[in-house]
Amino acid sequence: MVNPATTTIALCPSWAPAIGYLGVACAVIFSNFGSAYGTWKAGVSLVNCGIRHPDSIMKNVIPIVMAGVIGIYGLIVAVILSQSISSPSNSRQTSYSVYTSMAHLAAGICCGASGLAAGCCIGIIGDYGIRNISYRASSVGVFSQTPDYATHSEGDDDSRGLLSAKKGGTDIAMDEEPGVAEDQNKLFVGMLIMLIFSEALALYGLITALIVSQHVYSCGKN
């Protein structure tokens, strides 16, 4: 005959809460690491963008906000998991089972690893996206090249779309290209779509972690 006390000790050992708290640590550490990496990569480019084109700072701050949200996902999962871990008694007996601890560990790894991947993706996309938007808004090309209007005569300016104005009998050439704002908006929309799908990676991990964390086996109730 199986001894109930031996079965309880095997299913709910005293070291089971340590595995559960490891899941809590994984959710917080990995999510915050991904959030910090994404904020760092996008933040450096945002500062560079502020030097070249200060007017686009508020619009390009979106990658940093999305990277910061990833840390909140890890915090939510960590709080839920920590509230589900029961404390052992003075006799080293606990109702927290190995099954529950493994479920909490899996939930923490799902949320943390997904947040880490999403943060790295958001950081890289935000880095290149903000830089290119700033270059386009400042009429700076990625590759150094000679402007076409430098090789044309003054009579060809109007045919190439350059703005000109007459003031006091003097021609004033405006180097503002008409398609800069439109190209900048296209770059921003493309970057925003990629950021949304990158953020969805962390959201998938959060949903999975919440579902897995509900799988509980308690020795005191069975």
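One-based numbering along the sequence shown.
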Next item on the list: Check the pair His104 / Val24 against side-chain contact (heavy atoms from CB on, under 4.5 Å), numbers first and verdict last.
Entry: CA-CA 8 Å; His104 289 172; Val24 174; over 6 Å; no

Check: What are the two closest heavy atoms between Ala42 and Ile130, and how far apart are they?
Finding: O-CD1, 3.8 Å

Note to self: Working to the nearest 0.5 angstrom, can you tell me the gap between Ser114 OG and Ile109 CD1?
What the structure shows: 11.0 Å

Checklist line | Nearest-0.5 Å distance that lies between atom CG in Leu206 and atom CD1 in Ile80 | finding: 7.5 Å

Next item on the list: Take atom CG of Leu210 as the centre, draw a 6.0 Å sphere, and report whether it contains more than 12 heavy atoms from other residues, nucleotides or ligands.
Entry: yes

Item checked: Path from Val216 to Val98 over hydrophobic side-chain contacts below 4.5 Å -> no

Check: How are the rings of Tyr217 and Tyr99 set relative to one another: parallel (under 30°), tilted (30 to 60°) or perpendicular (over 60°)?
Finding: perpendicular

Margin query: I need the minimum non-hydrogen distance between Asn60 and Cys49, along with the two atoms involved.
Written below: ND2-SG, 3.4 Å

Next item on the list: Kindly compute the distance separating CZ (Phe197) from CG (Leu192), expressed to the nearest 0.5 Å.
Entry: 10.5 Å

Next item on the list: Compare every heavy atom of Cys111 with every heavy atom of Ala209, then report the nearest pair and how far apart it is.
Entry: CB-CB, 3.9 Å

Margin query: Is there a continuous path of hydrophobic side-chain contacts, each under 4.5 Å between heavy atoms, that joins Ile122 to Met191?
Written below: yes

Next item on the list: Check Asn132 against Leu187 and note the closest heavy-atom contact, atom names and distance.
Entry: O-CD1, 4.0 Å

Item checked: Point-to-point distance, once rounded to the nearest 0.5 Å, from SG of Cys26 to CG of Leu105 -> 6.0 Å

Item checked: Neighbour count above 12 (heavy atom, 6.0 Å) for Phe30 CZ -> no

Item checked: Beyond-backbone contact of Val69 with Tyr73, side-chain heavy atoms, under 4.5 angstrom -> yes

Item checked: Residues which pass side chain to side chain donor-acceptor pair (under 3.5 Å) with Ser101, listed by chain and number, not counting sequence neighbours -> none

Check: If every non-hydrogen atom of Ala78 is compared with every non-hydrogen atom of Val28, which pair is closest and at what distance?
Finding: CB-CG2, 3.2 Å

Notebook entry, point to check: Which distance, rounded to the nearest 0.5 Å, do you find between the CG of Leu46 and the CE of Met58?
Noted result: 9.5 Å

Checklist line | Single-linkage hydrophobic cluster, 4.5 Å side-chain cutoff, Leu81 and Tyr21 together | finding: yes

Margin query: Strictly distance-based, threshold 3.5 Å: is any side-chain N or O of Thr100 a donor or acceptor partner for the main-chain N or O of Tyr96?
Written below: no

Note to self: So does Val79 get a backbone contact from the side chain of Ser82, meaning a donor-acceptor N/O pair under 3.5 Å?
What the structure shows: yes

Check: Taking all atoms of both residues into account, what is the closest heavy-atom pair of Met66 and Glu199, and its distance?
Finding: O-OE1, 2.9 Å

Notebook entry, point to check: When clusters are formed by joining ILVMFWY residues with side-chain heavy atoms under 4.5 Å apart, either directly or through shared neighbours, do Ile57 and Val61 land in the same one?
Noted result: yes

Checklist line | Any side-chain heavy-atom pair of Leu203 and Ile207 under 4.5 Å | finding: yes

Note to self: Quick check: is Ile211 connected to Tyr204 through a chain of hydrophobic side chains (ILVMFWY, heavy atoms under 4.5 Å apart)?
What the structure shows: no

Notebook entry, point to check: What distance separates Ile85 CD1 from Ile19 CD1, expressed to the nearest 0.5 Å?
Noted result: 10.5 Å

Next item on the list: May I have all residue pairs that pass side-chain hydrogen bond (donor to acceptor under 3.5 Å, both in side chains) and include part of residues 32-47, sequence neighbours excluded?
Entry: Lys41-Asp127, Ser45-Asp127, Ser45-Arg131

